[in-house]
Amino acid sequence: MEVEVGRLIAGALLTGLGALGAGVGIGSLTSKYIEAVARQPELQGQLFAQVLIALGLTDALPIISLAVGLLFLFT
Amino acid sequence: MAKENAQNLIETSDYIGHHLVNLTFGWCEKTSSWGFANHQQELFKGLDSACKVSEMGFWSFHLDTIFMSILLGAVVFGFFGLVNSSAKRGVPSKLQNFAEFVHEFIASAVNSGYHGTSKIVGPLAFASCLWIISWNLMDLLPVEMASFFGHFGGGFNYFKILPTADLNAPLALAIVVMVLVTYYSVKTHGAGGFLKELFVVPLGPLEFISYVSKHVALALRLYGNLFAGEMIFILIAIMFGQFAMSFSQTLWFLPGLILNLSWALFHILIVALQAYIFMMLTIAYLNLASTKH
């Protein structure tokens with residue numbers, strides 16, 4: 001029974017704490033992006049491509065922890 | 001009520017478990033024979049082996065991932081091959097415009113990202129980006145479609161149509177990228193230079209760890225995003241699917257429809273973004289490997 005409870009708690013922690021990292025990372029990323037666009041609006045196109053890539057990179061680890069958490073929870 | 005809820009809970013984990021199992025064909029120790037894991041299909045009667053998926057050791061293949069990735073590759077690259085062969089000098093057809101637009105987009109990304117001399121990076125970026133996009137688009141198909149056609153088609157009980165939700169496929173792509181990166185860094189820095197750079201650099205094995213982890217992260221990022229996306233589709237299907245089955249509560253599928261539609265729309269961004277990121281990182285890694293620093 002303990003293993004079952006442990007597995008569920010581990011899954012929940014993995015899913016939850018991963019989102020913490022993603023939230024902080026993407027928050028600061030977009031704030032810097034808006035600042036940069038406010039300072040130089042003509043760079044919007046190029047900067048947006050960079051932000052997309054950086055978004056994907058900051059999402060990498062939280063999403064991996066989410067996937068492992070879901071694996072813990074459901075299989 | 002509690003018993004009924006408990007009954008539902010058991011069904012949900014079975015439902016999820018059912019949707020997470022690949023169609024595995026492998027070597028079974030017990031009967032020392034090749035075959036599909038038990039009860040996975042009724043089409044090939046003789047090939048049903050007594051082993052469960054977990055009992056099949058190393059030699060077990062996920063046929064649904066292999067089949068789907070080959071099929072999607074054939075469709076996508078067949079389309080581009082057809083458009084290429086029927087290309088005309090004069091007024092380009094709509095298909096040709098679309099193909100040229102896609103090619104232009106990827107070529108600009110490669111030219112801006114890669115400054116080396118190798119001629120393989122362009123086609124590699126083109127192939128990996130489009131192949132992964134076609135893989136990921138499978139996630140937008142309804143959850144029950146695979147098993148519906150499976151039962152209907154001839155008795156495949158377990159069939160995962162999304163190759164990216166099976167870790168083997170993204171890992172295979174990442175391994176190919178790793179081999180290419182190693183080849184090019186050895187070619188530009190020489191075997192000694194490459195090994196020196198990996199181990200002797202002042203921080204010692206740190207460079208080696210970052211070298212391995214960036215390729216593993218490449219595969220796990222793609223796998224994680226799509227597996228989480230697929231899992232959320234399954235969970236939405238569970239939340240509203242089982243109520244819709246009973247005639248007394250048929251209107252329950254409406255919230256399910258809204259939720260599923262909104263997640264699918266958002267998921268289209270994830271599908272395209274992950275393929276784009278995989279391509280951009282492959283280009284960046286190859287560029288890093290082939291410039292002398």
Side-chain angles (χ1 to χ4, degrees), chain A residues 1-30 32-34 36-37 40 42-75, chain B residues 9 12-22 53-54 105 108-109 112-113 132 164-167 170-171 174 213-235 238 266-267 269-285:
Chain A
M1 187 52 191
E2 277 65 24
V3 173
E4 196 61 22
V5 170
R7 182 172 65 84
L8 291 178
I9 291 176
L13 277 178
L14 271 166
T15 316
L17 290 184
L20 195 69
V24 170
I26 292 169
S28 67
L29 175 68
T30 39
K32 290 288 184 294
Y33 169 64
I34 292 166
V37 168
Q40 285 176 318
E42 72 279 4
L43 284 185
Q44 165 109 27
Q46 199 193 354
L47 276 183
F48 187 65
Q50 307 290 347
V51 161
L52 274 187
I53 298 176
L55 197 74
L57 295 182
T58 45
D59 257 349
L61 292 180
I63 285 283
I64 291 171
S65 79
L66 172 72
V68 173
L70 290 176
L71 269 178
F72 270 29
L73 287 174
F74 292 118
T75 50
Chain B
L9 196 62
T12 45
S13 55
D14 286 352
Y15 183 82
I16 293 177
H18 171 79
H19 276 283
L20 291 184
V21 172
N22 287 83
V53 175
S54 48
F105 176 73
S108 68
S112 67
I132 293 175
T164 334
D166 168 11
L167 186 53
L171 212 54
S213 69
K214 70 180 176 181
H215 295 297
V216 171
L218 197 64
L220 279 179
R221 175 183 307 112
L222 185 56
Y223 168 73
N225 275 285
L226 271 301
F227 177 76
E230 182 197 35
M231 180 58 86
I232 287 171
F233 275 127
I234 294 174
L235 291 178
I238 285 180
F266 174 69
H267 197 52
L269 167 71
I270 296 181
V271 156
L273 187 63
Q274 286 308 319
Y276 180 71
I277 286 170
F278 191 96
M279 177 188 77
M280 289 308 288
L281 283 180
T282 319
I283 295 168
Y285 292 158

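Atom set for the values below is all heavy atoms of this structure, side chains included, hydrogens, waters and symmetry mates excluded. All chains are named by letter (A, B, ...) in the order of the sequence lines, taking the proteins before the strands, and each is independently numbered beginning at 1.
For a residue to count as touching a neighbouring chain, one of its non-hydrogen atoms must lie under 4.5 Å from one of that chain's; by this rule B:Leu222 does not touch chain A. For B:Leu273, the part lying near chain A is the side chain, with the backbone staying farther off; criterion is any non-hydrogen pair under 4.5 Å. Contact of B:Leu281 with chain A is made through the side chain alone, with heavy-atom distances under 4.5 Å. Contacts between A:Leu52 and chain B at a heavy-atom distance below 4.5 Å involve backbone atoms as well as side-chain atoms.
For the residue pair B:Gly224 and A:Ala67, the shortest heavy atom distance occurs at CA-CB, 3.7 Å. A:Ala36 and A:Leu47 make their closest contact through CB-CD1, 3.6 Å (heavy atoms, listed as atom of the first residue, atom of the second, distance).
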When you look at B:Leu171 and B:Val216, which way does the side chain to side chain contact (heavy atoms under 4.5 Å, CB included) test go after all the steps? CA-CA 7 Å; B:Leu171 212 54; B:Val216 171; 5.5 Å; no
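Annotation: side-chain hydrogen bond (donor to acceptor under 3.5 Å, both in side chains) contacts of B:His267 (sequence neighbours excluded): B:Asp139.
Side-chain atoms of A:Gln44 and A:Tyr33 form a donor-acceptor pair, as typed in the model, at a separation below 3.5 Å.
The candidate from B:Leu20, B:Leu218, B:Asn225 with the greatest count of non-hydrogen atom pairs under 4.5 Å with chain A is B:Asn225. For the options A:Leu66, A:Ile63, A:Leu71, A:Val68, heavy-atom pairs under 4.5 Å to chain B are most numerous at A:Ile63.
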